[in-house]
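Remarks on the structure that follows.
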Amino acid sequence: MNRTLGYVRLLRLERAISAATGVILTGIIVKDLTVFQWEYVIASLSVFFSTFANFALNDYHDIDIDRFNKREDRPLANGVFSPSVAVWIAGKRCIIAYALSFQLRPIPRYMILAGLPVSLAYNLYLKQYIAFKNLFTGLANAGVILVGALVLDNNVETLAWYLAIIGFFFSISYEVMLDIADVKGDLAMGVETIPGRFGTRKAAWLSVIIGIGAVFVNPLPFFFQVDPRLFRDYLFLGLVMVSVANRLLISRELLIDQSPESVWRLKKRLFRNLQMGGVCYLIGFLF
């Protein structure tokens with residue numbers, strides 16, 4: 001792994017772009033972002049750099065676990081960078097995120113200002129406890145949607161709450177699945193996780209039940225007037241059912257095979273499934 005690829009993987013560039021894009025898409029979905037708005041550029045960049053800081057701290061905390069699990073995709077565990085580099089990167093990105101957040105309205109500003117120290121506490125201490133291990137990521141993803149809805153006003157539309165709840169449970173399901181792959185390292189380092197306490201098979205079932213529950217509510221705006229743009233929109237229904245079918249296939253494979261290799265393969269597919277769902281909603285709103 002060269003240093004350029006190491007930076008990309010340390011900072012989870014794709015995940016950071018996805019989070020920043022989530023702010024923009026939420027603005028479009030709730031009809032706050034209808035023309036170019038600098039406030040949305042600032043908010044998305046603040047979330048972008050906050051995400052960088054969070055993942056750098058995550059790898060800093062998990063370096064021994066990643067070494068134990070022989071994670072070839074982790075630059076700190078593979079010696080591409082020293083742990084101090086991750087701390088320096090996280091600190092610098094936090095400063096940038098803070099500086100940008102002060103140009104936002106009070107509520108999204110306070111959400112970002114509060115989120116960064118919570119992220120620090122989570123990555124350096126709280127994530128070793130099962131009560132916090134998956135809760136933080138669910139709240140973080142829901143928070144991205146809520147920030148996107150609050151950039152221009154104090155009103156969180158019903159649809160934004162709906163999407164935030166879906167994002168919360170999707171993230172819980174996603175993180176439980178990832179913990180399955182890391183269970184040996186977590187157990188060796190004393191980190192309590194659902195797979196470590198209850199076994200990988202039960203954790204897989206939990207991930208599947210939560211994930212399918214989240215994805216199966218995706219079509220509901222077609223049947224109920226969550227938003228008039230999606231109600232009885234057959235284009236939206238057809239597209240979102242593709243996302244549902246894809247999630248079912250992923251869930252089936254996870255229940256069949258909980259090996260680390262299987263989980264890492266499904267990880268990419270599940271992240272694409274999340275993106276697919278977002279695109280389905282966007283197309284439904286625009287067309």
Side-chain angles (χ1 to χ4, degrees), residues 1-27 33 36-66 73-128 132-133 135-152 154 164 167 171 175:
M1 183 189 305
N2 59 43
R3 292 180 68 85
T4 300
L5 180 59
Y7 275 116
V8 171
R9 289 184 172 175
L10 176 66
L11 301 176
R12 312 291 202 283
L13 183 60
E14 184 178 13
R15 297 280 296 275
I17 291 173
S18 179
T21 303
V23 175
I24 301 295
L25 291 181
T26 302
L33 184 57
F36 179 82
Q37 298 276 1
W38 270 113
E39 291 88 345
Y40 270 96
V41 175
I42 294 169
S44 62
L45 286 175
S46 185
V47 168
F48 183 73
F49 286 108
S50 297
T51 306
F52 275 174
N54 179 59
F55 282 121
L57 288 174
N58 176 81
D59 279 15
Y60 174 81
H61 176 272
D62 288 351
I63 185 169
D64 291 330
I65 295 172
D66 291 338
D73 60 328
R74 293 292 187 258
L76 297 187
N78 285 281
V80 177
F81 303 115
S82 67
S84 62
V85 170
V87 174
W88 180 83
I89 288 175
K92 188 172 182 179
R93 270 56 178 181
C94 280
I95 292 171
I96 295 173
Y98 269 137
L100 290 168
S101 70
F102 277 104
Q103 301 179 57
L104 298 173
R105 298 180 69 259
I107 295 180
R109 180 200 313 153
Y110 296 146
M111 289 178 68
I112 292 171
L113 292 178
L116 285 169
V118 170
S119 173
L120 176 64
Y122 167 77
N123 280 294
L124 297 183
Y125 180 69
L126 296 177
K127 70 183 300 180
Q128 63 185 308
F132 299 103
K133 184 70 174 66
L135 182 64
F136 171 81
T137 53
L139 292 174
N141 280 280
V144 168
I145 296 171
L146 297 180
V147 165
L150 291 165
V151 171
L152 296 183
N154 293 330
S171 298
E175 291 299 320

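Just so we're clear, the structure is a prediction, and the values are computed from it rather than from any experiment.
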Side-chain polar contacts of residues 144-152 - donor-acceptor pairs under 3.5 angstrom, sequence neighbours left out - could you list them?
none

Keeping the roles fixed (side chain from Asn78, backbone from Arg74), state whether a donor-acceptor pair exists under 3.5 Å. yes
Closer than 3.5 angstrom, by distance alone: can the side chain of Asn58 be matched with the main-chain N or O of Asn54 as a donor-acceptor pair? no
In Å, rounded to the nearest 0.5 Å, how long is the span from CG of Asp66 to NE2 of His61? 10.5 Å
Ile89 CD1 to Phe55 CZ distance, which is reported to the nearest 0.5 Å: 14.0 Å
Using the test side-chain contact (heavy atoms from CB on, under 4.5 Å), find all partners of Ser44 that sit at least two apart in sequence or belong to another chain. Ala20, Val23, Ile24
Which residues pass the side-chain contact (heavy atoms from CB on, under 4.5 Å) test with Leu13, sequence neighbours left out? Val8, Ile17, Phe48, Phe52
For Gly143 and Met111, work out which heavy atoms get closest and say how close. O-CE, 3.8 Å
Can you name the nearest heavy-atom pair linking Thr51 to Ala16, along with the distance? CG2-CA, 3.7 Å
Would you list the atom pairs, donor with acceptor, under 3.5 Å between side chains in residues 93-108 and any protein atom, with sequence neighbours excluded?
unit_1	atom_1	unit_2	atom_2	d
Tyr98	OH	Leu113	O	3.2
Ser101	OG	Tyr98	O	2.7
Arg105	NH1	Asp153	O	3.4
Arg105	NH1	Asn154	OD1	3.1
Arg105	NH2	Asn154	OD1	3.1

The complete set of salt bridge (Lys or Arg N to Asp or Glu O under 4.0 Å) pairs with one or both residues in residues 10-19, sequence neighbours excluded, reads Arg12-Asp59, Glu14-Arg272
Residues 79-88, side-chain donor-acceptor partners within the protein, below 3.5 Å, at least two apart:
unit_1	atom_1	unit_2	atom_2	d
Ser82	OG	Ser84	OG	2.8

